[in-house]
Every structure is written in structure tokens, then in C-alpha cells.
Amino acid sequence: MPELPEVEIVKRSLKNNIENKKIKKVIIKNRNLRFKIHKKFENILKGKFIINVQRFSKYIILTLDNNSYCLIHLGMSGTLHILNNNKKKVITNLSFYHSPNLPKKHNHVHIIFDKFKIIYNDPRRFGFLKLIETPNKLRGFFSNYGPEPFDETFNISYLKSKLNYKSKNIKNYLLDQKFVSGIGNIYASEILFNSKINPQRSSGHLTQEDYKNIIFFSKKVLNNSIKKGGSTIQNFKNTKGYSGSFQKEFKVYDRENEKCLKKNCKGIIKKIVISNRSTFFCDLCQK
DNA sequence: AAGAGGCCCTGATAGC
DNA sequence: TGCTATCAGGGCCTCT
């Protein structure tokens with residue numbers, strides 16, 4: 001599900017709720033996520049204060065009061081829910097995939113605080129929670145990741161150094177977290193549409209102008225989405241609580257056979273598969 | 001070594 | 001209605 005903007009929205013809500021709160025207890029119903037949750041996970045979290053909530057790329061980073069960290073990655077279908085301890089009612093829903101009510105199944109991890117609890121739900125179990133023991137190990141973990149589009153190091157000379165003479169198509173590069181962090185399948189299509197670049201273009205053949213557009217629109221598309229509260233693909237009736245609206249602004253994603261929205265363009269949006277992922281673009285205005 | 005594709009998993013939807 | 005096939009926002013691993 002979640003790309004950088006969605007994770008950013010979840011992080012902000014989470015930050016408001018759990019920063020400087022003490023973890024009373026952790027209950028794990030199912031350890032078999034993308035990676036098996038460590039057997040000491042519950043004991044290590046128990047009694048710790050969460051002194052900071054941050055995000056890098058698609059990861060939520062909880063800093064604990066002993067300078068260790070708990071990473072949360074939502075994978076494709078992970079959601080977080082904040083529930084009142086007693087009434088079992090959802091207080092705040094950090095959901096972008098499900099209805100705002102707590103799903104009945106797949107509530108794998110319960111992190112219990114004094115007056116409320118956080119529940120990690122994930123039907124497909126592509127997400128994971130991971131403990132990192134020290135600041136050094138945290139740096140090590142993220143050292144394999146490229147800069148976020150907002151980072152000043154994501155600039156023309158960086159793109160040139162990474163993309164020059166490369167045959168891999170540009171869409172795959174945007175999805176490659178070692179190249180740039182936080183972009184997923186939806187925003188890759190959107191960024192390339194805005195940049196007027198065909199997703200199949202071989203990266204080595206991009207021009208300076210293309211680099212500039214990729215840098216500019218990566219920031220712009222992600223920022224716009226954050227402003228709109230992210231994207232909620234699955235829409236439910238009677239939706240309450242947090243639910244993004246950026247999907248209403250998709251220019252190409254999930255718009256196969258619809259008209260290109262670029263002014264004066266007569267194109268029809270095409271859907272192709274690149275490395276097993278759906279890719280949407282207009283072959284008239286994206287060259 | 002770079003790059004393409006398979007695979008992990010469940011659930012929603014489309015088509016018959 | 002009920003079956004089956006296809007697809008889904010991520011990312012690691014393997015093979016060529």
C-alpha cells in the first residue's frame with residue numbers, strides 16, 4: 001500500500017499519540033511477518049518510553065529511551081490502529097487500505113500503553129517490525145538506501161552519476177530504493193507523467209532537462225500527496241477518520257483507456273507491465 | 001554486474 | 001450462487 005506520503009501521514013498521527021508514552025506491554029499474535037519477529041521483541045519493548053517518532057523512506061522509526069529503535073514497515077497491506085484500552089473502540093485510525101474500523105482478522109501485534117493500544121494489522125504480511133540495537137546499526141541499515149527526493153543530494157550530478165550509460169528503464173530506477181527512497185509504483189507513474197518521460201525510456205538516454213523534471217516532480221508529486229493526506233485506494237462507504245484523497249488526483253495511475261489529462265493532448269492512457277508491476281502512461285505526451 | 005523475473009501472502013473483483 | 005483466475009500500493013532473492 002503505502003509509499004512515502006502515506007507513511008508520512010501515518011507517522012504524523014502516530015507521533016501525536018505515542019511520543020513520550022511508556023509501553024506497558026506487547027502482545028504478538030503472529031510473528032510470521034515478512035521477517036519473523038524476534039523472540040525477545042516483547043521483552044525489549046516492555047517498559048520503554050518512545051522518545052521520538054520519525055520516518056525515513058517507507059519506514060517508521062520509533063526511538064526508545066535506551067537509544068535503540070523499532071522499525072515498522074507496512075509492506076503492501078499493513079495498517080496501524082489506535083484503540084481505547086477499555087472500550088475497544090478505534091480512537092484514531094491510521095489506515096489507508098482498510099475500513100476505519102478495526103479489521104476482525106490479521107491483528108498481529110498489539111502495543112499496549114496506559115490508556116490506549118496500537119494494533120498492527122497486515123493481511124498479506126509483507127510488512128514487518130524490526131528492532132535495531134544502536135544508532136550505528138540504524139545508520140548501517142539505511143546505508144543501502146538512496147536519498148529521498150527531498151534530499152538536496154538528489155540533484156542533477158547524482159542522477160547523472162547513477163543513470164548515465166545505464167540501460168535499465170527509468171521507471172525501474174524510480175522504484176529502486178537504492179537509487180531513490182520512498183517512491184513506489186503509483187507515484188513512479190505519476191512522476192513520469194508530469195515529467196513527460198516514457199516509463200520505458202532507457203535511463204542512459206535521459207537529458208539534463210529530464211533530470212531536472214524528475215527532481216522537480218518527484219518532490220512536487222510527493223508533497224502534493226502529503227498535503228492531501230496520501231492515497232486511499234480502497235474506498236469504503238461511511239468512511240470516517242483518516243483517509244487520504246490524493247487518489248482523486250491521479251493523472252495516469254489506474255486510468256487505463258481514459259483520456260490523457262494534459263491540456264490539448266488527445267492521448268489515451270495505456271497500461272503496460274514493467275517488471276511485473278502495472279505501469280500507466282500516455283504515449284503521446286510522454287516521450 | 002546489471003537487470004529481469006519469481007516469490008512471499010491474503011483478499012477483492014471479474015468472468016464464466 | 002459458486003467456482004477459478006487475475007490482480008494489488010513492496011522488496012528480497014535467484015538466475016542469467
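Everything numeric here is computed off the predicted structure, so don't read it as measured data. By convention in this document, chain letters (A, B, ...) are assigned in the order of the sequence lines, proteins followed by strands, and residues within each chain are numbered from 1.
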**Study point:** Check: Asn16(A)/Ser13(A) side-chain N/O donor and acceptor closer than 3.5 Å
**Key:** no
**Study point:** Full working for side-chain contact (heavy atoms from CB on, under 4.5 Å) between His110(A) and Tyr120(A)
**Key:** CA-CA 6 Å; His110(A) 300 221; Tyr120(A) 176 79; over 6 Å; no
**Study point:** Lys271(A) side-chain proximity, nearest of dT10(B), dG11(C), dC7(C)
**Key:** dC7(C)
Study note, to complete from the structure: Whole-Å distance, Lys130(A) NZ to dG10(C) P, equals 20 Å
Exercise for review: Grab the stems for DNA chain B, please: at least three consecutive Watson-Crick or wobble pairs, both distances below 3.5 Å, written as range with range.
Suggested key: B:2-8 with C:10-16, B:10-16 with C:2-8
Study note, to complete from the structure: With the side chain defined as heavy atoms from C-beta on, Ser278(A) is closest, among dG3(B), dG11(C), dG9(C), to dG9(C)
**Study point:** Under-4.0 Å side-chain N/O to phosphate OP1/OP2 contact, Asn276(A) with dA4(B)
**Key:** no
Review point. Do Val26(A) and Ile112(A) sit in the same hydrophobic cluster, where Ile, Leu, Val, Met, Phe, Trp and Tyr count as joined when their side-chain heavy atoms come under 4.5 Å apart?
Key: no
Review point. Within the structure, does a side-chain N or O atom of His106(A) lie under 4.0 Å from either OP1 or OP2 of dG11(B)?
Key: yes
Exercise for review: Rounded to the nearest angstrom, tell me the gap between atom NZ in Lys36(A) and atom P in dC8(B).
Suggested key: 17 Å
Check your understanding: Taking OP1 and OP2 of dG11(C), is either one under 4.0 Å from a side-chain nitrogen or oxygen of His73(A)?
Key -> yes
**Study point:** Candidates dG3(B), dC7(C), dT10(B) - which lies nearest the side chain of Lys168(A)
**Key:** dG3(B)
Point to revise | Face-to-face stacking of Phe126(A) with dG10(C), centres under 5.5 angstrom, angle under 30° | key: yes
Check your understanding: Please give, in whole Å, the distance from dC8(B) C1' to Phe128(A) CZ?
Key -> 13 Å
Practice item. Report yes if at least one side-chain N or O of Lys105(A) is closer than 4.0 Å to OP1 or OP2 of dG11(B); otherwise report no. Key: yes
**Study point:** Co-membership, hydrophobic cluster, residues Leu74(A) and Leu175(A), 4.5 Å side-chain
**Key:** no
Review point. Asn257(A) and Lys270(A): side-chain donor and acceptor closer than 3.5 Å?
Key: no
Review point. Is the shortest side-chain N/O distance from Lys58(A) to OP1 or OP2 of dG11(C) below 4.0 Å?
Key: yes
Exercise for review: Measure distances between side-chain N and O atoms of Arg124(A) and base N and O atoms of dA8(C), and say whether any donor-acceptor pair falls under 3.5 Å.
Suggested key: yes
**Study point:** Positive for salt bridge (charged side-chain N to carboxylate O under 4.0 Å, His left out) with Asp176(A), one of Lys168(A), Lys171(A), Lys166(A)
**Key:** Lys168(A)
Practice item. Using heavy atoms to find the nearest nucleotide of DNA chain B for Tyr165(A) and Arg125(A) separately, return the residue whose nucleotide is more 5′. Key: Tyr165(A)
Study note, to complete from the structure: From the list Asn121(A), Asp122(A), Ile37(A), side-chain contact (heavy atoms from CB on, under 4.5 Å) with Val109(A) holds only for Ile37(A)
Practice item. Return no unless some side-chain N or O of Arg34(A) is found under 4.0 Å from OP1 or OP2 of dC9(B). Key: no
Point to revise | Nucleotide of dT10(B), dA4(B), dG11(C) approaching Pro123(A) most closely (side-chain heavy atoms) | key: dT10(B)
Review point. Under 4.0 Å between a side-chain N or O of Lys166(A) and OP1 or OP2 of dG3(B)?
Key: no
